[in-house]
There are 2 protein chains.
Amino acid sequence: MAPMIHKILLLEDHRDAQAWLLHALQLAFGPDIHVDTVSLLAESKKYEQENSYDFILVDLNVPDGSGVDLIRQFKVAHPDRYCVVATIFSDKQHLFSALKAGADGYILKDEEREDIAQMLGGILQGNPPISASMAQQMLRYFHANFHDDHQQVIALSDREREVLTCIAQGMSNKACARELSISHHTVSEYIHNVYRKLGIHSRAEATREAIRRGII
Amino acid sequence: MAPMIHKILLLEDHRDAQAWLLHALQLAFGPDIHVDTVSLLAESKKYEQENSYDFILVDLNVPDGSGVDLIRQFKVAHPDRYCVVATIFSDKQHLFSALKAGADGYILKDEEREDIAQMLGGILQGNPPISASMAQQMLRYFHANFHDDHQQVIALSDREREVLTCIAQGMSNKACARELSISHHTVSEYIHNVYRKLGIHSRAEATREAIRRGII
DNA sequence: TGGATACCCCCCTATCTAGGGGGATTGATG
DNA sequence: CATCAATCCCCCTAGATAGGGGGGTATCCA
């Protein structure tokens with residue numbers, strides 16, 4: 001990852017927040033960093049293309065779009081450089097769309113400036129700058145699947161699992177039969193068994209189950 | 001969440017690590033905590049059932065099984081109490097299986113004792129105790145899907161997306177028609193369009209696409 | 001000897017898939 | 001203003017497929 005952070009792009013449309021975040025950046029990375037501050041998404045994407053930033057700090061709601069677009073552009077071009085969100089949005093939609101776009105951190109602007117600076121600086125030691133409540137959200141994401149996961153897994157036979165794998169990938173019964181070198185009547189029967197065991201009644205549900213079980 | 005932490009269960013089979021973690025717990029939560037220390041999974045599960053702990057600190061590899069089982073048991077019984085992993089395993093398999101089981105934190109034992117204590121204590125302020133490299137793993141998990149996600153998303157019309165949502169959940173064309181209050185012939189045409197746009201040919205594939213796109 | 005598993009065959013009907021039509025409504029563009 | 005493209009809605013037919021029911025044989029293992 002980036003060993004030093006000098007050249008920084010800050011996307012933030014509020015004057016006050018600009019100054020506030022700039023100060024936090026200086027606290028985090030020292031006084032002689034170079035920070036380009038822009039207020040609009042379009043502007044930021046242009047700057048990003050024409051310069052080579054070590055680090056970008058991004059607000060999500062800017063007047064002409066979402067900072068997520070900048071994150072995406074930056075991370076496609078520089079997957080190994082850092083990109084952190086600073087926002088007031090604490091909902092999981094904003095969080096996860098930013099993370100999916102490639103954000104390496106997600107800070108809420110209602111924190112103390114010193115805390116923000118410390119979190120930002122931590123990135124150089126490999127410590128992702130993530131506000132406590134956002135880290136909780138991420139944990140909850142993993143906890144969410146756990147109920148489904150550990151309840152008694154209905155056992156499928158090898159053949160049934162193979163058939164399920166095939167049809168969940170969109171194969172027809174005949175294709176599945178060819179694949180497994182059995183008759184399509186037999187395939188049909190296995191599917192019947194799988195449906196009965198899993199309590200489902202259609203291929204779409206079978207696909208969902210297969211994905212949920214990690215079979216495909 | 002738990003306002004105070006008094007009664008703690010520590011599952012850890014190494015003598016040295018027991019003392020080390022006990023000390024970290026005292027640094028984090030004060031000297032007058034009560035800590036039951038056990039070395040075996042079976043023992044820990046028994047203790048957990050017979051007592052009411054505010055907090056459990058769990059090693060993953062104990063001689064008679066995996067600490068994940070204790071986490072699961074504890075979190076099923078007390079979803080609102082804290083459970084943190086302390087381990088030497090830094091791979092994502094161990095991490096994610098612990099998180100799925102319900103872990104609220106994941107600490108690597110090669111950290112400084114003061115850092116461990118600080119992370120543990122942070123839980124009372126809602127700050128999940130997660131070692132830096134493990135937090136990075138979690139981030140990478142979300143980044144992983146981003147390539148699929150941002151490649152040009154084939155646009156579906158509102159109606160097409162609604163229909164896709166229905167059939168991806170396993171509804172028949174007729175059920176979908178009832179749901180959306182349109183004729184099943186129309187449903188059939190929308191499905192046809194969706195198939196064409198997404199380059200698929202079956203309901204199973206439609207379900208996969210719908211899941212991949214986050215529609216269901 | 002029963003039960004679970006794997007494999008095969010036949011039947012039926014309902015549904016789906018893929019074509020072919022026909023319109024109505026928007027919004028942009030010349 | 002026309003008109004063009006996109007979107008949305010409806011109808012029809014025909015063949016393929018799926019889902020549910022029945023029947024059977026063979027193996028392996030408790």
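Naming convention: chains lettered A, B, ... in sequence-line order (proteins, then strands); numbering from 1 in each chain. For clarity, every value in this text was computed on a predicted model and none was experimentally measured. Computed from heavy atoms alone, side chains included, the values below leave out hydrogens, waters and symmetry copies.
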Can you confirm whether or not the ring centre of B:Tyr141 sits under 6.0 Å from the ring centre of A:Phe142? yes
Please report the distance, rounded to the nearest Å, between CE in B:Met171 and P in C:dT15. 13 Å
Nucleotide D:dG19, atom P - distance to OH of A:Tyr195 in whole Å: 3 Å
Report the distance from atom OH of B:Tyr190 to atom C1' of C:dT17, rounded to the nearest whole Å. 18 Å
Determine whether the aromatic ring centres of residues A:Phe29 and A:Phe55 are separated by less than 6.0 angstrom. yes
Nearest-Å distance for atom pair CD1/P, residues A:Ile191 and D:dG19: 6 Å
Can you tell me how far C1' of D:dA6 sits from CG of B:Asp158, to the nearest Å? 13 Å
Describe the nucleic acid contact of B:Ser188 in one word from base, sugar-phosphate, nothing, applying a heavy-atom distance below 4.0 Å. base
Between the base of D:dC10 and the side chain of B:Glu189, is there a donor and acceptor pair under 3.5 angstrom? yes
Measuring from B:Asn61:CG to B:His14:NE2, what's the distance to the nearest 0.5 Å? 7.5 Å
Is B:Arg203 near enough to C:dT17 that one of its side-chain N or O atoms lies under 4.0 angstrom from OP1 or OP2? yes
Please report, rounded to the nearest Å, how far the P atom of C:dT17 is from the NE2 atom of B:His192. 11 Å
Between C:dT15, C:dT17, C:dT5, which nucleotide has the shortest distance from any of its atoms to the side chain of A:Ser157? C:dT5
Between A:Lys174 and A:Ile200, whichever has its closest DNA chain D nucleotide further toward 5' is A:Lys174
Comparing nearest nucleotides in DNA chain D, the 5'-proximal residue of the pair B:Glu160, A:Ser202 is B:Glu160
When you check the gap from the basic side-chain N to the acidic O, do A:Lys45 and A:Glu48 get nearer than 4.0 Å? no
What is the distance, to the nearest angstrom, from the CZ atom on A:Arg196 to the P atom on C:dT5? 9 Å
Could you check whether any side-chain heavy atom of A:His94 comes within less than 4.5 Å of a side-chain heavy atom of A:Val85, counting everything from C-beta outward? no
Give a yes/no answer on whether the side chain of B:Arg159 brings an N or O atom under 4.0 Å of OP1 or OP2 in D:dT7. no
Take atom CG of B:Asn193 and atom C1' of C:dG20, then tell me their distance rounded to the nearest Å. 15 Å
side-chain N/O A:Thr186 vs C:dC9 OP1/OP2, d < 4.0 Å: no
Whether B:Asn173 contacts C:dC16 is assessed here as follows: a side-chain N or O lying under 4.0 Å from the phosphate OP1 or OP2. Is that the case? yes
